[in-house]
Amino acid sequence: MEQKETCFAKRVRCIVKLGGAAITSKHKLETIDEENLKEVSSHLRQAFVPDSTSANVLGMDWSRRPGQSEAPSFVDDFSDQPAGDSESFIVVHGAGSFGHFQASMSGVHKGGLSRPLVKAGFVATRISVTSLNLEIVRALAREGIPSIGMSPFSCGWSTCQRNMTKADISMVIKAIDYGFIPVLHGDAVLDTLQECTILSGDVIIRHLAAELKPEFVVFLTDVLGVYDRPPAEPGAVLIQEIAVREDGSWSVVKPKLEDTSKPVEFTVAAHDTTGGMVTKITEAAMIAKLGIDVYITKAATEHSVKALSGILKGGIPDDWLGTAIRYMS
């Protein structure tokens, strides 16, 4: 894969994946879960912006909101503000109820830009996912996080038969070095063999982790973690720890499952063109293989606060609910 030499000054502490189902109402077209998004944004501020409180936040979204007669102004508030800096982290979000419908209805993930429906779907998908990206950037900015939206398509990322072949992260690195927080997203991209496809946020995170070597990675989802079967089924058991081997295969460490011969089952929504939980676990295992701990837990909960804080690297508390995925040497 074509890749420019990675050279950066600031160490990335964490890469955070905001699952689409955690920040949108996945079964209501293009509907954001405003309460969850606000809570997640607050938790990110608490974890990565030192000495910040809800009382001293200086918002960076100065655009007019629906229902407002004019745009808010915080210019005077910044005049005596000492220069501050947040810890370096990156946000990558899924699409949820944005983008998946447009992509699946037009077949963008299967390629074929020569077909009018696919080309129109490519445009429609990008309109949808970039509109969600803007709203997430704005939510983070209102918490005083200097967030910058970045689209893989616009950054020149591309694939060949759905496998990533070009991913220039120079602008991501430059943004971090200047104190910004990059916010990327799953996107419709060009593909040299099938003309176009969908690049999932989970694949993006794996690539960024390999290049930037964060201390840890957190997946924030709409469920507490990985289960031995779809969590809605009776008797579903939360898998607390997964060990990844050198060859990329993985096994459940905790708890001890009664039937170890039965594979862990996953479900994928019919409109999900990115592979859902199957892709998430595969990519998380590849990240863990790099020696980077991965934590999967429910967004906007006390468990996500602990995961974002980094304290899980010192050991998993008995009362923490989530899934830790680690390399087993």
Side-chain angles (χ1 to χ4, degrees), residues 11-19 21-22 36 39-40 42-48 50 87-92 201-202 205-206 208-210 212-231 233 235-260 262-266 277-329:
R11 174 72 188 270
V12 176
R13 176 162 170 75
C14 176
I15 300 177
V16 179
K17 168 64 189 301
L18 297 183
N36 256 21
E39 190 74 4
V40 167
S42 175
H43 288 172
L44 288 169
R45 173 184 54 75
Q46 294 170 44
F48 300 112
E87 291 192 75
S88 296
F89 69 102
I90 297 172
V91 174
V92 180
D202 298 327
I205 279 193
R206 188 246 299 172
L208 291 174
L212 301 178
K213 305 295 190 299
E215 294 180 30
F216 57 98
V217 171
V218 178
F219 285 76
L220 300 179
T221 73
D222 62 331
V223 292
L224 283 170
V226 180
Y227 289 78
D228 66 335
R229 70 197 76 177
E233 289 189 9
V237 176
L238 176 65
I239 298 173
Q240 297 167 295
E241 189 168 352
I242 292 174
V244 180
R245 304 181 185 87
E246 178 63 33
D247 62 1
S249 62
W250 53 273
S251 59
V252 176
V253 174
K254 184 181 179 183
K256 297 295 183 182
L257 300 179
E258 293 182 8
D259 186 0
T260 57
K262 184 180 178 181
V264 175
E265 299 177 10
F266 305 108
M277 186 60 79
V278 178
T279 301
K280 195 179 308 296
I281 296 301
T282 301
E283 299 299 334
M286 295 181 74
I287 293 170
K289 187 180 170 184
L290 300 171
I292 301 168
D293 287 356
V294 178
Y295 309 114
I296 302 176
T297 192
K298 189 172 184 176
T301 64
E302 61 179 310
H303 310 294
S304 63
V305 172
K306 289 181 179 179
L308 292 168
S309 72
I311 64 172
L312 300 182
K313 287 183 65 65
I316 307 297
D318 291 337
D319 62 349
W320 184 73
L321 297 180
T323 302
I325 303 178
R326 293 169 163 160
Y327 176 65
M328 179 177 64
S329 56

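On a predicted model such as this, the values are computed, not experimentally measured, just so you know.
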Derivation and outcome, side chain to side chain contact (heavy atoms under 4.5 Å, CB included), residues Ser251 and Arg245
CA-CA 8 Å; Ser251 59; Arg245 304 181 185 87; 3.1 Å; yes
How close do Leu220 and Ala22 get, heavy atom to heavy atom, and via which atoms?
O-CB, 4.0 Å
Main-chain N/O of Ile239 paired to Thr323 side chain as donor or acceptor, under 3.5 Å:
yes
Output for pair (Phe219 CZ, Ile281 CD1), nearest 0.5 Å, gives 8.0 Å
Going from CG on Leu238 to CG on Leu224, what distance comes out if it is rounded to the nearest 0.5 angstrom?
6.0 Å
Does NZ in Lys298 sit with more than 12 non-hydrogen atoms of other residues, nucleotides or ligands closer than 6.0 Å?
no
Quick check: closest heavy atoms across Lys213 and Ile292, and the distance to 0.1 Å?
CA-CD1, 4.1 Å
Is a donor on one side and an acceptor on the other found under 3.5 Å between the side chain of Lys289 and the backbone of Glu246?
yes
Between Thr297 (side chain) and Leu321 (backbone), is there a donor-acceptor pair under 3.5 Å?
yes
Nearest heavy atoms of Ala288 and Val294, plus distance in Å:
N-CG2, 4.2 Å
Drop me the distance from Thr221's OG1 to Ile296's CD1, to the nearest 0.5 angstrom.
7.5 Å
Side chains of Ser304 and Val218: does their closest heavy-atom pair fall under 4.5 Å?
no
Classify the angle between the aromatic ring planes of Tyr295 and Phe216 as parallel (below 30°), tilted (30 to 60°) or perpendicular (above 60°).
tilted
How close do Ala300 and Asn36 get, counting heavy atoms only, and between which atoms?
CB-OD1, 3.7 Å
Test Ile90 against Leu212 for side chain to side chain contact (heavy atoms under 4.5 Å, CB included), laying out the working first.
CA-CA 10 Å; Ile90 297 172; Leu212 301 178; 3.4 Å; yes
So, for Phe48 and Leu308, which heavy atoms are closest and what is the spacing to 0.1 Å?
CZ-O, 3.6 Å
Testing Ile205, Val217, Val40, Leu44 one by one against Val16 for a side-chain contact (heavy atoms from CB on, under 4.5 Å), which residue passes?
Leu44
Do you know which two heavy atoms are closest between Leu312 and Lys306, and how far apart they sit?
CG-O, 4.0 Å
Straight-line distance of Asp293 CG to Glu215 CD, nearest 0.5 Å:
10.5 Å
Candidate pair Gln240 and Ile316, rule side chain to side chain contact (heavy atoms under 4.5 Å, CB included), full reasoning:
CA-CA 9 Å; Gln240 297 167 295; Ile316 307 297; over 6 Å; no
With a 4.0 Å cut-off on N to O distance, would you call Arg206 and Glu283 a salt bridge?
yes
